[in-house]
Amino acid sequence: MLDDYLKANLASWDEAVALHLSSDLYDVAGFKAGGTSLSEIELGELGPFVHEGTRLLHLQCHFGLDTLSWARRGAVVTGVDFSGEGIRAARALADDVGLSARATFVQSDVEHLPDRLSGTFDVVFVSWGALIWLGDLERWADVVAHFLHPGGILYIAEFHPYAFLVADDATPDSLRVGYPYFMYGVPQRFDEDGDYADPDARMEHTVTFEWLHGFAEIIDPLLRRGLRLDFLHELPFTVPGLPFIFLEKDVAGMLRVRGRHDDFPLTFTLKMTRERR
Ligand SMILES: C[S@@+](CC[C@H](N)C(=O)[O-])C[C@H]1O[C@@H](n2cnc3c(N)ncnc32)[C@H](O)[C@@H]1O
């Protein structure tokens, strides 16, 4: 049974799919023309571990653009998302670009995925704005460990928790804290029009529930399930998509804090390996 938080979030994500498919941010036309939606960050850090035939599980894949970008590099991919609209669009996109033979898409919330998908994977991939939608990272860590065979890799490229602490009206000169770091499992309720891909969009489903997770909350459950930390990186830039007014694009098209390009963490990435014993 979907709880009320999940139901609200699902309605919002189902509605966002059509908007994102036609947005400049996601650039589906560029992908169809042969491009990749993956940034230099994931390509540089995870790319060397993804080869022809690598079995990759993408949790919270949205409409499959990043999933299919890994398939285009040779991976055999499974994308998972709770949004039926997202999964339908992902399957259609896979057909469109001739990748459906190496791409499977499963509609499921993360928590119940072991009931709906069998097998294990070489890589579990999680990226950009996925973790804030999950209230229970203990359960999430169970799912990650369940799907990784011994020696398999978890790779995360995510917005830095610090970026979500800053108040909505903050400026680069006053980056004051507007949100709590410790949430004790209770989500923040938002009721906002617009969308990160189109701030002027008028949405029907405006209420969402989101959880900020600190580093310990993310990493500790994974360590306790036998994953070894290979690296943890913090970067002062991130991919386009965060709608905060204190950010601007740098010459490479990455977002940084206006006027303080190297001062403020906006991304973290990590790689963990499931121990062989
Ligand atoms: C920001 S997107 C994923 C990031 C991806 N890199 C992208 O932008 O295409 C977040 C995704 O999480 C999905 N999602 C949110 N809560 C979920 C849950 N509990 N189980 C599975 N999917 C969920 C949403 O449907 C959405 O597609």
Side-chain angles (χ1 to χ4, degrees), residues 1-28 30-31 36-39 41-43 46 56-71 77-91 93-94 105-117 124-144 147 155-159 163-164 185 187-188 190 195-198 203 205 207-213 238-243 255 267-269:
M1 266 279 277
L2 290 180
D3 64 28
D4 289 346
Y5 300 148
L6 229 66
K7 277 187 197 155
N9 290 345
L10 177 56
S12 158
W13 276 108
D14 271 343
E15 187 180 359
V17 171
L19 188 72
H20 292 178
L21 282 168
S22 59
S23 67
D24 291 343
L25 180 70
Y26 280 93
D27 188 19
V28 174
F31 174 74
T36 180
S37 61
L38 300 166
S39 80
I41 300 172
E42 306 95 284
L43 289 173
L46 181 60
L56 182 145
L57 175 64
H58 183 185
L59 297 179
Q60 297 172 253
C61 68
H62 200 20
F63 61 91
L65 210 52
D66 287 357
T67 329
L68 292 170
S69 292
W70 288 118
V77 298
T78 301
V80 175
D81 203 282
F82 73 169
S83 161
E85 296 300 323
I87 292 300
R88 258 190 296 284
R91 289 179 184 145
L93 189 58
F105 288 98
V106 179
Q107 183 183 355
S108 175
D109 64 287
V110 171
E111 193 171 319
H112 293 100
L113 188 58
D115 303 334
R116 287 165 201 157
L117 178 69
V124 171
F125 174 66
V126 175
S127 76
W128 311 122
L131 296 180
I132 55 166
W133 301 101
L134 304 180
D136 182 355
L137 291 193
E138 292 288 343
R139 177 63 194 148
W140 167 79
D142 281 339
V143 173
V144 170
F147 284 108
Y155 176 77
I156 303 179
E158 259 292 11
F159 301 121
F164 292 119
Q188 192 84 40
F190 293 95
D195 179 86
Y196 62 86
D198 178 0
M203 309 295 286
H205 299 99
V207 174
T208 58
F209 296 90
E210 301 173 26
W211 292 260
L212 174 72
H213 302 292
T238 197
V239 294
L242 279 185
L255 295 179
T267 289
F268 78 92
T269 63

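Start at 1 and go down the list; that is how both ligands and their atoms are numbered. Worth saying up front: this structure is predicted, and the values here are computed from it rather than measured.
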- [ ] Would you mind telling me which of Leu46, Leu59, Leu57 makes a side-chain contact (heavy atoms from CB on, under 4.5 Å) with Phe125?
- [x] Leu46
TODO: Check whether any side-chain N or O of Ser69 sits under 3.5 Å from a backbone N or O of Ser37 as a donor-acceptor pair, and report yes or no.
DONE: yes
- [ ] Return the residue, atom name and 0.1 Å-rounded distance of the protein heavy atom closest to atom 20 (N) of ligand 1.
- [x] Val110 N, 3.0 Å
- [ ] Give yes or no for whether the N/O distance cutoff of 3.5 Å, strictly under, is met between His58 and ligand 1.
- [x] no
- [ ] Give the residue, atom name and distance (to 0.1 Å) of the protein heavy atom nearest atom 4 (C) of ligand 1.
- [x] Trp128 O, 3.0 Å
Task: Neighbour count above 12 (heavy atom, 6.0 Å) for Asp27 CG - done: yes
Open item on the list: Does only the side chain of Leu65 get under 4.0 Å from ligand 1, or the backbone, or both, or neither? Count heavy atoms.
Closed with: neither
- [ ] For His20 and Phe63, run side-chain contact (heavy atoms from CB on, under 4.5 Å): C-alpha distance rounded to whole Å, both residues' side-chain angles, the deciding distance at 0.1 Å, then the answer.
- [x] CA-CA 9 Å; His20 292 178; Phe63 61 91; 3.8 Å; yes
Task: Qualifying residues under side chain to side chain contact (heavy atoms under 4.5 Å, CB included), relative to Pro240, sequence neighbours excluded - done: Leu25, Lys249
Open item on the list: So for ligand 1, is Ser83 a polar contact partner (N or O within less than 3.5 Å, distance only)?
Closed with: no
TODO: Please state which part of Val80 comes within less than 4.0 Å of ligand 1, counting heavy atoms only: side chain, backbone, both or neither.
DONE: neither
Task: Protein heavy atom at shortest distance from atom 3 (C) of ligand 1 - done: Gln60 O, 3.4 Å
Task: ligand 1 to Ala130 polar contact by distance, N or O atoms, under 3.5 Å - done: no
Open item on the list: Please list, in number order, the atoms of ligand 1 under 4.0 Å from a heavy atom of Leu134.
Closed with: 19 (N)
Open item on the list: Set out, in order, the CA-CA distance, both residues' side-chain angles and the distance that settles ring pair (Phe, Tyr, Trp, His ring centres under 6.0 Å) for His205 and Trp13, then state yes or no.
Closed with: CA-CA 9 Å; His205 299 99; Trp13 276 108; over 10 Å; no
TODO: Would you mind listing which atoms of ligand 1 come within a distance below 4.0 Å of any non-hydrogen atom of Ser108?
DONE: 21 (C)
Task: Close-contact set for ligand 1 against Asp66 heavy atoms, below 4.0 Å - done: 6 (N)
Task: Whether Asp81 lies under 4.0 Å from ligand 1, heavy atom - done: yes
Task: Side-chain donor-acceptor pair present, Glu42, Trp128, cut-off under 3.5 Å - done: yes
Open item on the list: Looking at ligand 1, is there an atom of it that comes within less than 4.0 Å of some heavy atom belonging to Ala16?
Closed with: no
Open item on the list: I'd like to check whether Phe82 has a polar contact with ligand 1, where a contact means an N/O of the residue lying under 3.5 Å from an N/O of the ligand.
Closed with: yes
Open item on the list: Under 3.5 Å between any N/O of Ser127 and any N/O of ligand 1: does that happen in this structure?
Closed with: yes
Open item on the list: Is it the case that ligand 1 has an N or O less than 3.5 angstrom from some N or O of His62?
Closed with: yes
- [ ] Kindly compute the distance separating OG1 (Thr208) from CD (Glu210), expressed to the nearest 0.5 Å.
- [x] 4.0 Å
TODO: For the residue pair Leu137 and Trp211, establish whether any side-chain heavy-atom pair is separated by less than 4.5 Å.
DONE: no
Task: Any side-chain donor near an acceptor of the partner, Asp115 and His112, under 3.5 Å - done: no
- [ ] Could you establish whether Phe63 and ligand 1 come within less than 4.0 Å of each other, counting only heavy atoms on the residue side?
- [x] no
Task: Point-to-point distance, once rounded to the nearest 0.5 Å, from CG of Leu255 to CG of Leu242 - done: 6.5 Å
